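Beneath this line is the structure, given in structure tokens, with notes to follow.
Every chain is numbered from 1, with letters handed out A, B, ... down the list of sequences. Model, not experiment: these values are computed from the prediction.
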Number of protein chains: 2
Amino acid sequence: MEQQTHLAGTVRPGGRTARVRAAVLEATQDELVERGFHGLAMDQVAARAGVGKTTVYRRWGGPAGLVIDLMTELADQSAPHADTGSVEGDLMANAAGVLGAVADERLGATLQAVIAAATCDEQAEVALREFYLRRVREWAAVVDLAVTRGELPEGTDGMDVVRAVSAPIYYRLLVTREPVDERVAERAVRAALAAARAGAFVR
Amino acid sequence: MEQQTHLAGTVRPGGRTARVRAAVLEATQDELVERGFHGLAMDQVAARAGVGKTTVYRRWGGPAGLVIDLMTELADQSAPHADTGSVEGDLMANAAGVLGAVADERLGATLQAVIAAATCDEQAEVALREFYLRRVREWAAVVDLAVTRGELPEGTDGMDVVRAVSAPIYYRLLVTREPVDERVAERAVRAALAAARAGAFVR
DNA sequence: CCCTTAATGGGTCGCAAGTTCCTTTAAGAT
DNA sequence: ATCTTAAAGGAACTTGCGACCCATTAAGGG
């Protein structure tokens, strides 16, 4: 007897399989908005997607699997870094993007779900780390450009500057649970920029 | 028939009741270290504490209740802000404290558990917000002192400076899931301080 | 030291999440 | 168009968390 060496959905990915996936991911986001990751039930997702729950269990395994798949979708859609001509403009664009994502109902719920999933699922943790690593690396380029332009000191660690912009936003969102608005984003950019200019992020 | 107007454990808090609470909170921390918040089962906690599971359900209601109680304990033990004579020293002490807490097996597991609980429990969210608000406010004093000493510009928002120190640490811990070490803490302090000196945190 | 009753503890029960088995449908190759 | 079988769907079954009931123990007041 031949052992099953492939995952469901990989051999005949077209037609119904694709439609099922789209419906399930759609339903997952809806559920995340309404109930959050802790309340994400495979049952509910299947029912809302109009799909058998067996299928959802077989293809995604559990809530974490759903959320990981959702994030790979996000990763594909994520925009490249800005290029406004000044670091300030670029970092503001970055902060605005983060703020927008976090504030958006569906996107925000999805991001928070992945973060929650990463605390209890190995694969989700890896996926999350790689997602943000990619994202931070992508935007670090605006700092490197600024260095060549002479706006920031030689040797400035671009990734750390980008992290410094996002950190206060996520810190308030997840830890102190204070409201996050444009003022926070703007101040994060100003602080990161001032620190970078002073050479606090030089390797 | 008289309705029960008090919570279990409030009328006879001495003796056994106190011993049960200590044993349960102890067991909860052990479980958090081994399984994390998502794997915190009332059953297991009761068994490890050598206590009936009915008691645990009655007094704490659920995993979130356990974790909230654990945090109130933490709040009582939390140390007052440092006073080394310089903002740099004080903020470094703060960063070291955060790093130490996060790195410590039991403390770190507890903190992460509360953060996780806050994403799915209203009371845990309130408790978490108040805990950090108190903590940040306490340490903001070192910035106010620095302003009076002339180390930092007039009008500097002390709470935002303190947040800026913690933010990168928690950001790495929860979001990007990168390792957190002294280098990260030190750089966070340097960046926050440079930004503060440049007036980025002036209200 | 005794008495009242707060608080604990063991056992049982129900429900909902998750698993398994088998049938039905429709991709994709010929 | 036809055929093979990947993939989905339906339903019964299992499991384990959380709730409830009632007996037992020991605080704390007299």
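- Rounded to whole angstrom, the span from the CZ atom of B:R16 across to the P atom of D:dA26 amounts to 5 Å.
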All N/O donor-acceptor pairs, side-chain side in residues 134-144 of chain B, below 3.5 Å, sequence neighbours left out:
residue	atom	partner	partner atom	Å
B:R135	NH2	B:A79	O	3.1
B:E138	OE2	B:H81	N	2.7

Which atom pairs, one a donor and one an acceptor, fall under 3.5 Å between side chains of residues 33-43 of chain A and the rest of the protein, sequence neighbours left out?
residue	atom	partner	partner atom	Å
A:E34	OE1	A:R48	NH2	2.9
A:E34	OE2	A:R48	NH2	2.9
A:H38	ND1	A:R35	O	3.4

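- Within residues 113-128 of chain B, no residue has any heavy atom closer than 4.0 Å to DNA chain D.
- Here B:F201 pairs with nothing under the ring-ring contact (aromatic ring centres under 6.0 Å, His included) rule; sequence neighbours left out.
- Using a 3.5 Å distance cut-off with no hydrogens or angles, the side chains of A:E178 and A:T176 do pair a donor with an acceptor.
- Residues meeting the ring-ring contact (aromatic ring centres under 6.0 Å, His included) test with B:F131, sequence neighbours left out: none.
- Note that CD of B:E125 and SG of B:C120 are 10.5 Å apart. Values are rounded to the nearest 0.5 Å.
- Scored by the ring-ring contact (aromatic ring centres under 6.0 Å, His included) test, A:Y171 finds B:Y170 as partners (sequence neighbours excluded).
- Contacts between residues 53-61 of chain A and DNA chain D, defined by a heavy-atom separation under 4.0 Å, are made by A:T54, A:T55, A:R58, A:R59.
- Each end of the helix from C:dC1-D:dG30 to C:dT30-D:dA1 yields a helix axis from five base pairs, and these two axes differ in direction by 50° (to the nearest 10 degrees).
- Rounding to the nearest 0.5 Å gives a distance of 14.5 Å between CZ of A:R177 and CG of B:L133.
- Within the structure, the salt bridge (charged side-chain N to carboxylate O under 4.0 Å, His left out) test picks out no pair touching residues 93-103 of chain B (sequence neighbours left out).
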What pairs of donor and acceptor atoms, side-chain ones from residues 52-63 of chain A against any protein atom, are under 3.5 angstrom apart with sequence neighbours left out?
residue	atom	partner	partner atom	Å
A:R59	NH1	A:T17	O	3.2
A:W60	NE1	A:D69	OD2	2.8

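- Remark: A:M42, A:D43 in residues 32-46 of chain A come within less than 4.0 Å of DNA chain C through at least one heavy atom.
- Checked by atom type and distance alone, the side chain of A:D90 pairs as donor or acceptor with a backbone atom of A:T84 at under 3.5 Å.
- In this structure, A:R19 reaches the sugar-phosphate backbone alone: every heavy-atom distance under 4.0 Å involves primed, P, OP1 or OP2 atoms, never a base.
- Taken to the nearest 0.5 Å, the CG atom of B:L70 stands 4.5 Å off from the OG1 atom of B:T110.
- Sorted by first and then second residue, the salt bridge (charged side-chain N to carboxylate O under 4.0 Å, His left out) pairs with a member in residues 95-116 of chain A read A:E26-A:R106, A:D30-A:R106; sequence neighbours excluded.
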